[in-house]
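Some notes on the structure that comes next.
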Amino acid sequence: TMYAVDATVCPDGLPHEPKFSQLTAMHEAIASAASSIVSNDAQLDNGVTVGSGKAFVYGDVAFLEGTGKVTFKGHDFDVPSDSSSLVNLTSGVTMFNTLTVASTVTATQRVVAPTSGLQAWSQWPEPIETSSVPPSAYPAGSVTSSPHPVDMTQFTSCLAADPSDRSARSKRSTFAIYESSFESNNSISSVSIPSVQTMSFEVFVDGVLRGTSEDLSHSHGSSLQYDVPLSDAKGDRSNSESGEHTLTIIAEELGYANYGFKQGLLKGIVDDVKVSDAAGNTWTIDAQWTLR
């Protein structure tokens with residue numbers, strides 16, 4: 001209920017005013033006109049010019065768009081600019097206007113009180129590297145391998161009854177973990193992750209968090225390269241030791257553009273990951289990837 005603060009109900013369950021009462025009034029007006037609306041053909045492309053706006057007539061009711069003060073069907077209506085009204089053409093009553101806030105709103109009061117039930121907290125670290133994950137910690141089919149990173153929607157639907165049901169977004173995890181290995185004689189300085197808009201990445205080297213990157217665009221899921229600079233971190237062997245190291249990337253999808261999931265938008269890592277070291281060398285990770 002917190003998505004883009006547009007919800008009609010607040011996270012604590014109280015109405016988000018005045019939107020809650022405004023939408024309630026809109027639904028009540030539409031409900032009272034429902035018999036006229038459903039008994040007439042859709043008027044989407046059949047608007048009648050009224051002043052500087054349009055009227056979409058459904059029997060004895062009509063939707064008027066931003067016409068200002070006009071006379072229509074023998075009645076005077078005042079429809080403010082950039083608004084719409086639902087009007088009754090028999091009585092001349094304006095049943096609802098999108099800019100006219102409901103005359104009454106729900107009165108609420110939040111009371112914050114201490115509680116003794118939330119004082120004993122526990123915390124524990126989650127395993128980062130695959131080698132540290134206890135057996136059977138993940139559902140069957142949720143851990144796989146691939147020679148290259150793949151779109152996370154291909155393997156995070158393991159919670160769905162039918163994993164091939166790609167539209168069952170509510171049955172997917174919004175997190176995915178990609179893990180591979182690389183060899184380097186120098187400390188690595190950055191990782192380049194090919195992905196799409198509205199993603200977040202956390203990059204671990206040998207189990208130590210080294211960098212993060214995110215994009216909060218509320219857009220259409222276009223391709224986006226995440227170049228993640230890596231900081232020095234105590235305990236990360238890649239800072240001092242040559243040889244093989246483990247790269248773990250936690251991907252979190254931060255949402256889809258409206259109805260974008262119906263268009264098959266990708267999420268996660270969608271192509272090969274590149275690594276750069278302090279000496280200026282850049283290469284593509286070509287080792288096997290574990291996906292979970």
Side-chain angles (χ1 to χ4, degrees), residues 3 125-133 137-139 141-160 163-182 188-231 233 236 238 245-257 260-261 263-276 282-292:
Y3 188 75
E126 282 202 41
I128 299 300
E129 295 181 308
T130 302
S131 59
S132 302
V133 177
Y138 289 92
S142 64
V143 181
T144 185
S145 61
S146 172
H148 306 279
V150 298
D151 159 39
M152 64 187 284
T153 63
Q154 295 189 36
F155 62 91
T156 55
S157 59
C158 57
L159 302 179
S164 65
D165 180 5
R166 308 299 285 279
S167 65
R169 293 182 61 240
S170 62
K171 301 173 185 176
R172 292 182 186 157
S173 169
T174 57
F175 292 88
I177 300 177
Y178 297 79
E179 187 171 284
S180 189
S181 61
F182 66 92
I188 62 171
S189 58
S190 66
V191 172
S192 295
I193 304 172
S195 185
V196 294
Q197 293 173 317
T198 325
M199 287 292 306
S200 173
F201 294 98
E202 294 184 342
V203 178
F204 295 78
V205 179
D206 296 326
V208 177
L209 179 63
R210 292 286 304 278
T212 64
S213 183
E214 64 182 18
D215 174 73
L216 303 179
S217 302
H218 186 66
S219 191
H220 301 292
S222 299
S223 298
L224 186 65
Q225 182 91 357
Y226 293 74
D227 294 317
V228 188
L230 304 185
S231 62
D236 177 6
S238 70
H245 301 279
T246 300
L247 175 68
T248 308
I249 301 174
I250 298 180
E252 179 184 6
E253 61 103 331
L254 302 178
Y256 287 76
F261 59 92
Q263 302 167 12
L265 292 183
L266 304 179
K267 285 293 181 180
I269 304 178
V270 299
D271 206 342
D272 289 329
V273 173
K274 294 184 178 181
V275 174
S276 298
T282 298
W283 65 98
T284 298
I285 293 183
D286 55 7
Q288 190 79 356
W289 286 83
T290 297
L291 315 173
R292 54 186 169 100

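As the structure is a prediction and not an experimental result, all values here were calculated from the model. Numbering of residues begins at 1 and proceeds along the displayed sequence.
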Parallel, tilted or perpendicular: ring planes of Phe182 versus His245, cut at 30 and 60 degrees: tilted
Distance-minimising heavy-atom pair for Pro149 and Ile269: CB-CG2, 3.5 Å
Partners passing side-chain hydrogen bond (donor to acceptor under 3.5 Å, both in side chains) against Ser195 (at least two apart in sequence or in another chain): none
Pair Phe201 and Tyr178, ring centroids less than 6.0 Å apart: no
Partner set under side-chain contact (heavy atoms from CB on, under 4.5 Å) for Ser222, not counting sequence neighbours: Gln197
Euclidean distance, Leu230 CG relative to Ile188 CD1, rounded to 0.5 Å: 5.0 Å
Least distance between heavy atoms, Gly211 atom then Val228 atom: C-CG1, 3.7 Å
Please report, to 0.1 Å, the donor-acceptor pairs under 3.5 Å made by any side chain of residues 282-292, with sequence neighbours excluded.
unit_1: Thr282; atom_1: OG1; unit_2: Ser276; atom_2: OG; d: 2.7
unit_1: Arg292; atom_1: NE; unit_2: Thr130; atom_2: OG1; d: 3.2
unit_1: Arg292; atom_1: NH1; unit_2: Tyr138; atom_2: OH; d: 2.7
unit_1: Arg292; atom_1: NH2; unit_2: Ile128; atom_2: O; d: 2.4

Heavy-atom closest pair, residues Ala251 and Gly268: CB-CA, 4.4 Å
By side-chain contact (heavy atoms from CB on, under 4.5 Å) - contacts of Glu202 (at least two apart): Phe204, Leu209, Thr212, Ile250
Distance-only donor-acceptor check, side chains Thr248 and Glu179, under 3.5 Å: yes
Partners passing side-chain hydrogen bond (donor to acceptor under 3.5 Å, both in side chains) against Asp215 (at least two apart in sequence or in another chain): Ser217
Under the side-chain contact (heavy atoms from CB on, under 4.5 Å) test, residues paired with Ser223 that sit two or more places apart: none
Check against side chain to side chain contact (heavy atoms under 4.5 Å, CB included), Leu247 and Val205: CA-CA 5 Å; Leu247 175 68; Val205 179; 4.3 Å; yes
Derivation of the side chain to side chain contact (heavy atoms under 4.5 Å, CB included) call for Val133 and Val143: CA-CA 11 Å; Val133 177; Val143 181; over 6 Å; no
Minimum-distance pair of heavy atoms, taken over all atoms of Gln225 and Ser192: NE2-CB, 3.1 Å
